[in-house]
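Quick notes on the structure that follows.
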Amino acid sequence: MSTPILFPFIVTIFFAMVHYLSYTRVISHLHVKQSTRTFLKYLLFLNMAGIIGYLSSRYFLSPPKLLYFILSLSIGIGFVLFMGTILYELLHLVQRLAPFNEEKRTFFKRTSDLGFLALGSAYIGAGIREGTKDPVVNFIEVEQNRFGGKPYTIVQISDMHIGGLIDREFVAKSVAAINALKPDLIAITGDLSDAHIDVVKETIDELRHLKSRYGTYYVVGNHEYFHSIDATIAYLKTLGIHVLENSALPINDDFYIAGVYDLFGYRAGTHIPDITRAMQNIPPNIPTLLLAHQPKYLEYLEGFTPALILSGHTHGGQIWPFGYLVSLAQPYVKGLHRLETNRHIYVNSGIGFWGPPMRLGSQAEITCIQWS
């Protein structure tokens with residue numbers, strides 16, 4: 001089974017199990033009217049159908065944007081059901097062990113079940129509300145006493161995931177917001193697109209309007225490997241974007257900007273990251289700004305010590321509490337972190353989203369960094 005078919009098949013099986021457990025372990029145990037349980041059961045069937053529709057739309061069909069938006073929410077609701085099933089198992093245990101008489105136990109179960117449903121509804125609503133907001137601009141100062149007190153303004157975006165709901169209008173608005181910051185240079189740290197370049201070419205064309213003093217620099221993320229990475233790289237170069245492929249370029253004799261392929265290259269067997277090649281022509285006493293899609297690349301530096309590393313990939317966890325799971329695979333989930341004296345890493349939470357247009361505990365962002 002090929003990868004484009006295998007992934008949606010696995011996702012469908014996973015969510016089918018989640019929906020089945022949500023009914024047998026949660027809905028069938030709720031202390032609510034039978035008509036309410038029946039209504040919730042039909043909602044489960046409808047959401048599962050939405051997930052199948054979303055996966056079909058993402059890989060095989062091209063529905064209208066509004067329909068795609070509605071279908072994409074089903075994935076987010078599916079994740080909420082997954083967490084809710086686990087949470088309800090704990091709640092059910094508390095309900096059974098509570099030191100109450102039968103009358104109080106019944107009242108406690110009824111009120112806690114209603115509270116559980118209210119909390120789940122509020123969680124979904126808050127996630128959709130935050131996920132559909134415009135990206136915020138986060139202003140960050142990285143003070144390393146370099147460049148004789150003359151700071152460089154670097155604007156970073158990451159994980160735009162162009163395709164689906166991230167359309168030409170979104171990209172155009174993002175470009176305008178970036179240009180308004182008057183950056184010295186722009187860094188795009190991967191997962192720019194989520195479809196073959198032929199599908200999103202008109203949308204990506206908006207990036208040709210990015211303006212900065214020293215240009216726009218880009219490294220691939222893991223998602224580019226799924227959609228003809230060579231074609232994506234070639235097209236971005238026609239837009240005047242500097243694609244860093246295990247390579248580096250000098251900026252004004254003050255520092256070098258280097259970039260590496262993504263760690264997914266090891267699994268794909270192509271476009272494999274090589275820090276030695278990226279750093280080979282950089283003089284030893286010149287600061288380096290390194291673009292690497294995953295913060296985990298810190299473990300692959302092979303003794304090299306870039307002054308500032310810009311990463312993305314994590315989406316800041318996107319939907320709480322998944323950031324805790326992300327932290328099991330990545331050393332940092334979001335924000336600025338000091339590595340040692342005069343060395344930092346910044347992990348961008350992403351300007352777009354993957355899957356459902358939902359966020360909770362994270363914000364879509366454009367990062368404006370003053371590096372001095």
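Side chains are part of it too, since the values below use all heavy atoms of this structure and drop only hydrogens, waters and symmetry mates.
Side-chain rings of Y297 and Y300 approach one another, their centers coming within less than 6.0 Å. Aromatic rings of F79 and F15 (six-membered ring for Trp) have centroids within the 6.0 Å cut-off, being under it. Between H161 and H223, the ring centre distance stays below 6.0 Å.
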T189 vs Q156, test: side-chain hydrogen bond (donor to acceptor under 3.5 Å, both in side chains). Steps then yes/no. CA-CA 7 Å; T189 47; Q156 180 200 10; 3.0 Å; yes
Let's go through S28 and R25 carefully: what are the C-alpha distance in whole Å and the side-chain angles of both, what is the deciding distance for side-chain hydrogen bond (donor to acceptor under 3.5 Å, both in side chains) to 0.1 Å, and is it a yes or a no? CA-CA 7 Å; S28 62; R25 302 301 301 171; over 6 Å; no
Take Q318 and W354 through the side-chain hydrogen bond (donor to acceptor under 3.5 Å, both in side chains) test and state the conclusion after the steps. CA-CA 9 Å; Q318 189 160 326; W354 185 86; over 6 Å; no
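When the options L43, L44, T38 are evaluated for a side-chain contact (heavy atoms from CB on, under 4.5 Å) with I27, the one that passes is L44.
Between the OG1 atom of T203 and the CD atom of E169 there is a distance of 11.0 Å, given to the nearest 0.5 Å. Atom OG of S56 is separated from atom CD1 of I51 by 11.5 Å, given to the nearest 0.5 angstrom. Going from atom CZ of R110 over to atom CZ of F107 covers 7.5 Å, rounded to the nearest 0.5 Å. I309 contributes atom CD1, which lies 4.5 Å from atom CG of L298 (distance to the nearest 0.5 angstrom).
Residues Y54 and G355 approach most closely at OH-CA, 3.4 Å, considering heavy atoms.
Side chains of S22 and T85: a donor-acceptor N/O pair is present below 3.5 angstrom, by distance only.
Looking at residues two or more places apart in sequence or on another chain, you find a side-chain contact (heavy atoms from CB on, under 4.5 Å) between F116 and V26, L87, Y88, L91.
In the displayed structure, E302 atom CD is contacted under 6.0 Å by more than 12 heavy atoms of other residues, nucleotides or ligands. Residue F39 places its CZ atom among 12 or fewer non-hydrogen atoms of other residues, nucleotides or ligands, all under 6.0 Å distant. More than 12 heavy atoms of other residues, nucleotides or ligands shown are found within 6.0 angstrom of CZ on F14.
Among residue pairs with one or both ends in residues 267-295, those qualifying as ring-ring contact (aromatic ring centres under 6.0 Å, His included) are Y261-H271, H293-H313; sequence neighbours excluded.
Between D205 and R168, none of the side-chain N atoms (NZ, or NE/NH1/NH2) sits under 4.0 Å from a carboxylate O, so this pair counts as no salt bridge. Between E245 and R277 there is no salt bridge, since no side-chain nitrogen of the basic residue lies less than 4.0 Å from a carboxylate oxygen of the acidic one.
Connection of L249 to Y218 is not established within any shared hydrophobic cluster, with ILVMFWY side chains joined at heavy-atom distances below 4.5 Å, either directly or through further cluster members. Cluster membership check: Y217 shares its hydrophobic cluster with I369, using side-chain heavy-atom separations under 4.5 Å among Ile, Leu, Val, Met, Phe, Trp and Tyr.
At least one side-chain heavy atom of L117 sits under 4.5 Å from a side-chain heavy atom of L30.
Within the 3.5 Å criterion, the main-chain N or O of G50 finds a donor-acceptor partner in the side chain of S74.
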